[in-house]
Amino acid sequence: MKLVLTGLLAAAAFSVLPFLGGISSEASAQTQVRIIQADRLAGETTELGRVRKLLNNVIMETDDLHIIADSVYQYLDLDLVDAFGNIQIEMDNQIIWSDSLRYNTSTDVSTFNGRVVIQGENAVMFSDEMIYNFFFEVAEFPGRLRLEDADGILEADRGFYFSIPDSAAFYGNVQITDSTQYAESDTLYAIRNAQFYELHGNVYIEDFENRSRMRGDFTSSDSTGYRELRGNARLQRINEAQTDTTFLISEWIELTDRDTTSIVDAYENVRIWSQRYASLSDSARYDDLAEQFILRGNSRLWREDLQLSSEIIEIQLRDDEIDRLLATPRAIAVTPDSITGRFNQITGDSLWIFFEEGDVNLIEVHPDAEMIIHEKDENDQPDFAIQVASAELFMYFAEGEIDSVKYYRNVDGRYIPETQDPGSVRLGGFQYDPELRPERPEEWLIPSLPPVSNVPMFPLPRRYSEFLRNRSLEINGLEENQNGAAADTTNSNQQR
């Protein structure tokens, strides 16, 4: 199972925005405005100068736009046009609805207010206000906005879309959700044509399919499947059986998605905790396809009372359970006796620990293996120790206890009686630091914001509701025609 997210919904969520770039060329073509319909035409002079009023059931056209409104005021001395009530503006690939519109013909700035709905070919956007600068091709949403497409929903407190660089920025309580993922942050930046996205501040990402959650101060992603998470980066994943949770903390996490695998790289004071083990290292890599963690740099791993220390430690998993551990070079494993507290120690250039059904089954060390095992008397009191060095060492376990030990080549050993204080003997490279062991996180990763609502931001404009009903009827009619044609074909074939 993948440990990382497979791609942010943001790419899909921006699919409605490109239509805004088309308004610029359309606006510049509005030199000829044709009045198709108006119940009443009036003119008067006011404090704002001459005003031409088109009242009730107004329909106007340009070469590129079809405009419907309850009324339109044209301020001839101020280069302003106001439209009011049930506004609908139709273009080739999109429709805009709003309660009011002000267009400044000298600055090429339009302000849509009240229940603004923007329907593109593949998505729809909702907001109470949109300001569009036709000259610079910049759309501003000063208030809360919502964007929906077939894949999901994006919401934010405010936002901008820049048509020329094909980029967008959203600010304040940004939320992105679909059936497989959820993300939130303070800010979201996107360069759509490069498929580059950044989330800043209080970043939280959840992958429902892979049972993974992430949190950090900053994340970015691109079209190659690469993502990074910086600033108190955290990654949490529940195993497939939902019996254990792995928690990774570091300053910087890189995630790379490929066709068949996902790779996680963590840097700077990497801490991993799970119910099965905990570890500390300078860096770590997890390969989803290989089911393998590789810890590098002053690595330490704890499992129950065992501490395994080395420069590099490989953790091989199988079905989310530890299958084997490899520590190299000059690895050392230390386990305190549960009764006497004395340290049993094994060291060597490469140290393997194999597991069977969650229990240690075999420890294999080579070359330059060395071991100290402490013994107890019949009263469970410290008695003596045995120290052995050899080229190779194999220690077999049964029901969690040492069953037998085998040594090969260049074997050298000694008996250390209690009078020589065997409890003070330490092998070279001895490490036992239980105080450094990562603890279970006090809190799991959870969203900071309430769930995204499934209901619209406001009562839908009347003409937009009519548009939805008509589209639904068209779709249902098309499906009925297709089903009828299929039935006719079936009947014809049966008659033959």
Side-chain angles (χ1 to χ4, degrees), residues 5 7-20 96 98-99 109-118 120 123-133 136-149 151-163 165-178 181-192 195-207 213-221 227-234 443 445-460:
L5 300 178
L8 199 60
L9 166 67
F14 295 139
S15 59
V16 73
L17 294 175
F19 87 84
L20 292 170
I96 302 176
S98 69
D99 292 335
V109 174
S110 287
T111 301
F112 296 83
N113 276 298
R115 298 188 300 170
V116 181
V117 181
I118 310 160
V124 59
M125 179 176 282
F126 304 86
S127 185
D128 282 323
E129 182 177 4
M130 179 180 74
I131 303 170
Y132 191 77
N133 188 308
F136 293 106
E137 299 186 33
V138 176
E140 177 184 357
F141 300 90
R144 188 72 179 169
L145 60 95
R146 178 183 176 99
L147 190 153
E148 300 177 1
D149 67 6
D151 296 318
I153 300 171
L154 180 149
E155 288 193 352
D157 287 345
R158 59 190 181 93
F160 291 87
Y161 175 71
F162 307 91
S163 178
D166 195 17
S167 61
F170 299 97
Y171 303 94
N173 298 312
V174 179
Q175 294 177 275
I176 309 167
T177 184
D178 65 14
Q181 301 179 74
Y182 171 79
E184 63 185 32
S185 66
D186 293 338
T187 305
L188 166 62
Y189 297 113
I191 303 176
R192 294 187 64 260
Q195 296 184 38
F196 179 80
Y197 304 96
E198 288 185 355
L199 295 172
H200 293 256
N202 297 309
V203 176
Y204 172 84
I205 303 173
E206 183 172 354
D207 184 338
R213 301 182 179 191
M214 300 168 57
R215 184 170 287 284
D217 297 332
F218 164 84
T219 184
S220 67
S221 62
R227 179 179 291 111
E228 66 173 338
L229 186 69
R230 290 181 179 267
N232 194 25
R234 302 183 179 192
E443 296 181 358
L445 301 184
I446 58 174
S448 300
L449 302 175
V452 175
S453 174
N454 291 323
V455 300
M457 297 176 60
F458 41 67
L460 299 180

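We use all heavy atoms of the structure for the numbers below, so side chains are in, but hydrogens, waters and symmetry mates are not.
Not a single ring pair (Phe, Tyr, Trp, His ring centres under 6.0 Å) links Phe126 to another residue, sequence neighbours left out.
Summarising the geometry, atom OG1 belonging to Thr111 is positioned 10.0 Å from atom CG belonging to Asn133; distances are rounded to the nearest 0.5 Å. Distance OG1/Thr177 to CD/Glu155: 10.0 Å, rounded to 0.5 Å. Of the inter-residue distances, the one linking Met125 atom CE with Glu148 atom CD reads 10.5 Å to the nearest 0.5 angstrom. Within the model, atoms OH of Tyr171 and CG of Leu188 stand 9.5 Å from one another, a figure rounded to the nearest 0.5 Å. Atom CZ of Arg144 sits about 11.5 Å away from atom CG of Asp128, to the nearest 0.5 Å. To the nearest 0.5 Å, atoms CG (Asp157) and CD (Gln175) are separated by 9.0 Å.
The cationic atom of Arg230 (NZ for Lys, CZ for Arg) does not lie both less than 6.0 Å from the six-membered ring centre of Phe218 and within 45° of the ring axis.
The two atoms that bring Ser453 and Ile153 nearest to each other are O-CD1, 4.4 Å, heavy atoms only. The minimum heavy-atom distance between Ile118 and Met130, with the atom names listed, is CD1-SD, 3.5 Å. The shortest heavy-atom contact between Ser127 and Phe458 is O-CE2, 3.6 Å. Closest approach of Phe170 and Ala156 over heavy atoms only: CB-CB, 3.8 Å. Contact record, Arg215 with Leu229: O-CD2, 3.3 Å, taken as the closest heavy-atom pair. Ala123 and Asp149 make their closest contact through CB-CB, 3.6 Å (heavy atoms, listed as atom of the first residue, atom of the second, distance).
The closest donor-acceptor contact from the side chain of Glu184 to the backbone of Ser448 lies under 3.5 Å. When atom types are taken as modelled, the side chain of Arg158 and the backbone of Gly172 share no donor-acceptor pair closer than 3.5 angstrom. Remark: side-chain polar atoms of Ser98 are not paired, donor with acceptor, to backbone N or O of Arg115 under 3.5 angstrom.
Contact of the Ser220 side chain with the Phe196 side chain is registered, since non-hydrogen atoms from C-beta on lie closer than 4.5 Å. In this structure, the side chains of Arg227 and Tyr197 stay at 4.5 Å or more apart for every pair of heavy atoms. Here the side chains of His200 and Asp186 are not in contact, with every heavy-atom distance at 4.5 Å or above. The shortest side-chain heavy-atom distance between Tyr161 and Glu140 does not fall under the 4.5 Å cut-off. By the 4.5 Å heavy-atom criterion applied to side chains, Phe162 and Phe136 are not counted as neighbours. Within the 4.5 Å cutoff, side-chain heavy atoms of Arg146 are placed close to those of Val452. Using a 4.5 Å cut-off on side-chain heavy atoms (C-beta onward), Tyr132 and Phe141 make no contact. Annotation: side chain of Ile176 is not in contact with side chain of Gln181 (no heavy-atom distance under 4.5 Å).
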- [ ] Quick one: do Leu154 and Leu145 satisfy side chain to side chain contact (heavy atoms under 4.5 Å, CB included)? Show the steps, please.
- [x] CA-CA 8 Å; Leu154 180 149; Leu145 60 95; 3.9 Å; yes
